[in-house]
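Scroll down for the structure; my scribbles are underneath it.
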There are 2 protein chains.
Amino acid sequence: MPIKSTHTKKAGTPFKRTPQRLAILDFLEGNTSHPSADDIYRSVSKKYQSMSFATVYNTLNTLAKAGAVREITIDPKRKHYDPDTSGHHHLICVACERIFDVPEGISVELPGDMAGDFIVTGSHIEFYGYCPSCGKKKKKA
Amino acid sequence: MPIKSTHTKKAGTPFKRTPQRLAILDFLEGNTSHPSADDIYRSVSKKYQSMSFATVYNTLNTLAKAGAVREITIDPKRKHYDPDTSGHHHLICVACERIFDVPEGISVELPGDMAGDFIVTGSHIEFYGYCPSCGKKKKKA
DNA sequence: ATAAATGCAAAGCATTTGCAGTAAA
DNA sequence: TTTACTGCAAATGCTTTGCATTTAT
């Protein structure tokens, strides 16, 4: 199911398919780089020179509410966006700050004594560390 | 080892014990509410009316570097701080936004095919859901 | 036709920084 | 006495918002 369709399976909020939104969706589709709003703006505004920051943010918020993209809060400096809304985790490289996908392994659960009192609607593992290329540089230094 | 000592086991960076810092450490010690910088400022400035925001931030950054407090990035709006630097996880209530501790259960690991390429220095599970009191309200609504 | 989206500029917060004065060591 | 910290205010950076105009439906 492409996220460009007017309706989504999940939240089902319909939204207008404007050229700007399609351009953002186009950039996002299949993108595994976990871009920030600024990354998206810089890339998409090359082709749509009229694109504004407000539109990028409005679109991302709309898509997030519709369940078409996922907001990632692993980086304290800014939000990142992921078109892959399936359950998976992330690793952020503490050197270059790039974010990498980590496939979902064993599912994460609350300890038994909390499970009765809390309702869990989602979970996410953040890994901190060094990516392959920064790991190499580190050893040399 | 109390975090008020001039040196910490971990990073070992010494720092001056000023009254402002002692007041912040005093507020933090044993605190499980995961306060934001603003929460800390509001509480500590009641007793130390000269306390400034810059000092709160400077102190928190110093303590974080020294390994005496942990920055929590579960809330996209602001950072939260945790004096408990032992390995544990968190749940944020999507209704009231309060953060709760989740004890560390099984340790989290990268899948085998990534483990050889990445160096993991830390990990953290974020749970999203409803706390007991917001869960009750939700059912009634 | 009508409800919603765009784009601009301004506003809003959280956080950082420069710097002169002050205090811990 | 020297080095580091405080406090203020200004600055920065990310994100949101108000509003007049434009556009998808």
Side-chain angles (χ1 to χ4, degrees), chain A residues 4-8 11-27 34-66 68-69 71-81 97 99, chain B residues 4-8 11-27 34-66 68-69 71-81 97 99:
Chain A
K4 287 187 207 171
S5 62
T6 346
H7 292 72
T8 56
T13 313
F15 49 84
K16 286 190 184 176
R17 290 176 299 109
T18 65
Q20 294 87 342
R21 287 181 174 177
L22 291 175
I24 291 173
L25 286 167
D26 212 50
F27 174 69
H34 309 90
S36 65
D38 189 67
D39 294 331
I40 295 167
Y41 172 76
R42 286 206 315 273
S43 175
V44 174
S45 61
K46 282 178 195 162
K47 301 216 166 180
Y48 282 77
Q49 82 279 47
S50 74
M51 175 73 57
S52 77
F53 251 105
T55 297
V56 172
Y57 278 108
N58 286 339
T59 298
L60 289 170
N61 288 338
T62 298
L63 294 176
K65 271 179 203 144
V69 302
E71 280 185 13
I72 302 175
T73 61
I74 200 172
D75 177 356
K77 295 202 193 74
R78 59 187 81 53
K79 289 182 191 168
H80 293 260
Y81 296 88
E97 297 187 348
I99 297 171
Chain B
K4 287 187 210 170
S5 62
T6 347
H7 294 71
T8 57
T13 314
F15 49 84
K16 285 189 184 177
R17 291 178 298 109
T18 66
Q20 293 88 338
R21 289 181 172 177
L22 292 175
I24 291 173
L25 286 167
D26 211 51
F27 174 69
H34 309 90
S36 65
D38 188 68
D39 294 333
I40 295 167
Y41 172 76
R42 286 208 313 275
S43 175
V44 174
S45 61
K46 281 176 194 161
K47 301 214 165 179
Y48 281 75
Q49 82 281 45
S50 74
M51 175 73 56
S52 76
F53 252 105
T55 296
V56 172
Y57 279 109
N58 286 339
T59 298
L60 289 170
N61 289 338
T62 298
L63 294 176
K65 272 178 203 144
V69 302
E71 281 185 12
I72 302 174
T73 61
I74 200 172
D75 176 355
K77 295 205 193 73
R78 64 194 114 261
K79 289 183 192 168
H80 292 260
Y81 295 88
E97 297 186 347
I99 297 171

Open item on the list: If you only use heavy atoms from C-beta on, which nucleotide in C:dA14, D:dG7, C:dC8 is closest to the side chain of B:R78?
Closed with: C:dA14
Task: Listed nucleotide nearest any side-chain atom of B:K16, set D:dT15, D:dA9, D:dT3 - done: D:dT3
Task: Short side-chain N/O contact to C:dT15 OP1/OP2 from B:Y57, under 4.0 Å - done: yes
TODO: Check whether any side-chain N or O of B:K79 sits under 4.0 Å from OP1 or OP2 of C:dC13, and answer yes or no.
DONE: no
Open item on the list: So, does A:T55 get its side chain near the phosphate of C:dG7, meaning an N or O under 4.0 Å from OP1 or OP2?
Closed with: yes
Task: Between D:dA9 (C1') and B:F53 (CZ): distance, integer Å - done: 14 Å
Task: Sidechain-backbone polar pair: A:R21 side chain, A:K16 backbone, donor-acceptor under 3.5 Å - done: yes
Open item on the list: Checking the side chain of B:S52 only, and the main-chain atoms of B:T55 only, is there a donor and an acceptor separated by less than 3.5 Å?
Closed with: yes
- [ ] Take atom NZ of A:K77 and atom P of D:dG13, then tell me their distance rounded to the nearest Å.
- [x] 12 Å
Task: Residue B:Q20, side-chain heavy atoms: nucleotide from D:dT15, D:dG7, C:dG7 that is nearest - done: D:dG7
- [ ] May I ask you to evaluate whether B:T18 reaches the phosphate of D:dT6, defined as a side-chain N or O under 4.0 Å from OP1 or OP2?
- [x] yes
- [ ] Specify the separation, in whole Å, of atom CD of A:Q49 and atom P of C:dT6.
- [x] 15 Å
Open item on the list: Using a 4.0 Å heavy-atom cut-off, does B:T62 contact any base of the nucleic acid, only the sugar-phosphate backbone, or nothing at all?
Closed with: nothing
Task: Nearest-angstrom distance from the residue atom NZ of B:K65 to P of D:dA4 - done: 13 Å
- [ ] Measure the distance from CG on B:L22 to P on D:dC5 and round it to the nearest whole Å.
- [x] 13 Å
Open item on the list: Assuming nearest nucleotide by heavy-atom distance, tell me which of B:N61 and A:P19 is located more 5' along DNA chain C.
Closed with: A:P19
Open item on the list: With a 4.5 Å cut-off on side-chain heavy atoms, are B:P35 and B:F27 touching?
Closed with: yes
Task: Short side-chain to backbone donor-acceptor contact, A:H80 and A:I72, under 3.5 Å - done: no
Open item on the list: Has B:S43 got a side-chain atom pairing as donor or acceptor with B:D39's backbone, closer than 3.5 angstrom?
Closed with: no
Open item on the list: Whole angstroms only, please: what is the CG-C1' distance between B:L63 and C:dT15?
Closed with: 16 Å
Task: A:R17 CZ - C:dT6 P separation (whole Å) - done: 13 Å
TODO: Check the distance between C:dT15's C1' and B:H80's NE2 and give it to me in whole angstrom.
DONE: 14 Å
TODO: Establish, with yes or no, whether the OP1 or OP2 oxygen of C:dA5 is under 4.0 angstrom from a side-chain nitrogen or oxygen of A:R21.
DONE: yes
